[in-house]
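This report concerns only the one structure given below.
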Number of protein chains: 2
Amino acid sequence: MTPAIAPDIAVTRSHTAKRHSILDAAAGVFCREGFAGANIDLIAAEAGVSRQTVYNHHGDKENLLVAVVREITERINAGVFETLATFPDKPVDLEAELVEFAVRLNQNCMCNRDGKFLRKLLQTEGERYPDLFAGWREHGPAKTWAALAARFARLALSGWLDLDDPDVAARQFLALVNADLQMAMIFGDTVSEEQLRAAATNAVRCFLRAYGKPRPA
Amino acid sequence: MTPAIAPDIAVTRSHTAKRHSILDAAAGVFCREGFAGANIDLIAAEAGVSRQTVYNHHGDKENLLVAVVREITERINAGVFETLATFPDKPVDLEAELVEFAVRLNQNCMCNRDGKFLRKLLQTEGERYPDLFAGWREHGPAKTWAALAARFARLALSGWLDLDDPDVAARQFLALVNADLQMAMIFGDTVSEEQLRAAATNAVRCFLRAYGKPRPA
DNA sequence: ATATTTTTAGACATACTTGTCCAAATCGTC
DNA sequence: GACGATTTGGACAAGTATGTCTAAAAATAT
């Protein structure tokens, strides 16, 4: 009885290993070719499994897309949450620490593979399958903005910032951080860490010129 | 001899009328369905012509995509140029006039049909056909930024702004103007003029807090 | 009114994709 | 070594797409 668990685990491990492999490959192919252009044979080949296995695991092609989107949004949300936890709540050098935070945000959430995939899938399939992204739409960016706004509001309370509307400031911060990366992202280029840091520096400088206060005692 | 021109014009008129109709329909379908998912029968139906006519005019499906992209980028560039000409070079109330300029920019270039199409086509087919957008990549946003930067530099010279780097400021201005519209645009929602004006107001307020100077004499 | 050109509708061959079915092979466990 | 389940490769039918071809129809210029 006790060892009965072992085989289940082993089977499941191989199972989930292939599952992940398939989801990874499917994400890549869906992202590259779009839903209509995605070829299940190609997904199977890139995942290193047979086509039948793909159908065994995820059934329909549409079902597979759903699974891919769920996987990616979950990872993205986790990354955002994790990164938000590193916000400089009690800064010493606010400018430098905000720059580092912005770099982390871009590296972990916006510019990585998942971020690129989600952005692209959203734009290509968002209108065709609105339900697909409904969950992310509500729990994704809105929650991020709110969380960031709360951090900024606290910085305002402790005298570091002078804010009218923390929500607007949060959105503007994110927009500024991406200002110099728009082209690279829209063209799918990979951005070096130098570019990322330069963009973050420009963004934070502007942000603090607008909302910064002389350092509190 | 003189009337020999007339028939050519007439033929060409009908010809170009259908050409436009086809390009319009193709733009819509390519944008909705992606290149792989776009159905030439559907394009023909939406254009109100027969499928054969589509092939007569543009040959290949790929060729049709090229024509569509060329058409849209040209219109976009024209719209940007036209809107840039309305920049408040000699402002009286800089904040109000920048807000109006930002609204025009969004209405004429970013949020209209062409802007949405270009953005979507770029994201879906940009990596597959890099040459397709090479022209726009060089002559599109870069030129816009440079032109806008020049305007800002002049405002700085005349004492309205305090700028380190006009190029950075131009990119940041555009980023701020889009900050509140990101979600709507990525989800393909249509934005009301109120939303647009509110977004522009927030953007300009932030921009001027960062770079504005007390009004010159 | 006629002649020339474009447009149309439909048939057509070709090719590709999805999703299913099935027997053989593979893998891990007992 | 044998068992059970999963995986595999390939065959298969059905549907759909592209691009070509043809003869008839329509529109336009002379």
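Heavy-atom basis, side chains included; hydrogens, waters and symmetry copies ignored.
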task: Describe the nucleic acid contact of B:A36 in one word from base, sugar-phosphate, nothing, applying a heavy-atom distance below 4.0 Å.
output: nothing

message: If you take any heavy atom closer than 4.0 Å to DNA chain D, which residues from residues 43-57 of chain B end up in contact?
response: B:R51, B:Q52, B:Y55

task: Measure the angle between the two terminal helix axes of the helix from C:dA1-D:dT30 to C:dC30-D:dG1, five base pairs each, and quote it to 10°.
output: 30°

Distance (rounded to the nearest 0.5 Å) between A:R154 CZ and A:D89 CG: 4.5 Å

message: Can a side-chain donor-acceptor contact be found between B:T53 and B:S50 if the only test is distance below 3.5 angstrom?
response: yes

message: Could you check whether any side-chain heavy atom of B:C109 comes within less than 4.5 Å of a side-chain heavy atom of B:I76, counting everything from C-beta outward?
response: no

task: Find the distance B:D41:CG to C:dG10:P and express it as a whole number of Å.
output: 12 Å

Within residues 63-86 of chain B or reaching into it, pairs that qualify as salt bridge (charged side-chain N to carboxylate O under 4.0 Å, His left out) - sequence neighbours excluded: B:E71-B:R75, B:R75-B:D114

query: Could you state the NE2-P distance from B:H58 to D:dG19, rounded to the nearest angstrom?
result: 14 Å

All N/O contacts under 3.5 Å from nucleotides 23-25 of chain C to the protein, with atom names and distances to one decimal?
none

statement: note: B:I40, atom CD1; C:dC16, atom P; distance rounded to Å ~ 17 Å

Atom pairs and distances, side-chain donor-acceptor, residues 200-207 of chain A, under 3.5 Å, sequence neighbours left out:
from: A:T201; atom 1: OG1; to: A:R197; atom 2: O; distance (Å): 2.7
from: A:N202; atom 1: ND2; to: A:D180; atom 2: OD2; distance (Å): 3.2

query: Given A:F87, which of A:F173, A:F101, A:F81 fulfils the ring pair (Phe, Tyr, Trp, His ring centres under 6.0 Å) condition?
result: A:F101

query: What is the distance, rounded to the nearest whole Å, between atom CG of B:N63 and atom P of D:dG19?
result: 10 Å

message: Going by the rule side-chain contact (heavy atoms from CB on, under 4.5 Å), which residues pair with A:P130 if we only count those two or more places apart in sequence or in a different chain?
response: none

query: So, do A:N178 and A:L181 sit near enough that their side-chain heavy atoms are less than 4.5 Å apart?
result: yes

query: Separation of A:L64 atom CG from C:dT18 atom C1', in whole Å?
result: 13 Å

- request: May I have all residue pairs that pass salt bridge (charged side-chain N to carboxylate O under 4.0 Å, His left out) and include part of residues 39-48 of chain A, sequence neighbours excluded?
  value: A:R32-A:E46, A:D41-A:R51

task: Not counting sequence neighbours, which residues clear side chain to side chain donor-acceptor pair (under 3.5 Å) with B:K120? List them please.
output: A:E127

message: Please give me every residue in residues 20-32 of chain B whose heavy atoms get under 4.0 Å of an atom in DNA chain D, ordered by residue number.
response: none

statement: Between NZ of B:K18 and P of C:dT7 the distance, given in whole Å, is 6 Å

message: Holding to side-chain contact (heavy atoms from CB on, under 4.5 Å), I want the full list of residues that pass it with B:N56, two or more places apart in sequence or in another chain.
response: B:Q52

Side chains of residues 135-150 of chain A: which donor-acceptor pairs under 3.5 Å do they make with residues two or more places apart or in other chains?
from: A:R137; atom 1: NH2; to: B:D189; atom 2: OD2; distance (Å): 2.4
from: A:H139; atom 1: ND1; to: A:G135; atom 2: O; distance (Å): 3.2
from: A:T144; atom 1: OG1; to: A:G140; atom 2: O; distance (Å): 3.1

field: CD1-CZ distance between B:I186 and B:R119, expressed to the nearest 0.5 angstrom
entry: 9.5 Å

query: Whole-Å distance between C:dT18 C1' and A:D60 CG?
result: 9 Å

field: Atom pair distance, as rounded to whole Å: CD in B:E33 and P in D:dT16
entry: 15 Å

- prompt: Mind checking what makes side-chain contact (heavy atoms from CB on, under 4.5 Å) contact with B:A38, not counting sequence neighbours?
  reply: B:V29, B:F30, B:K61

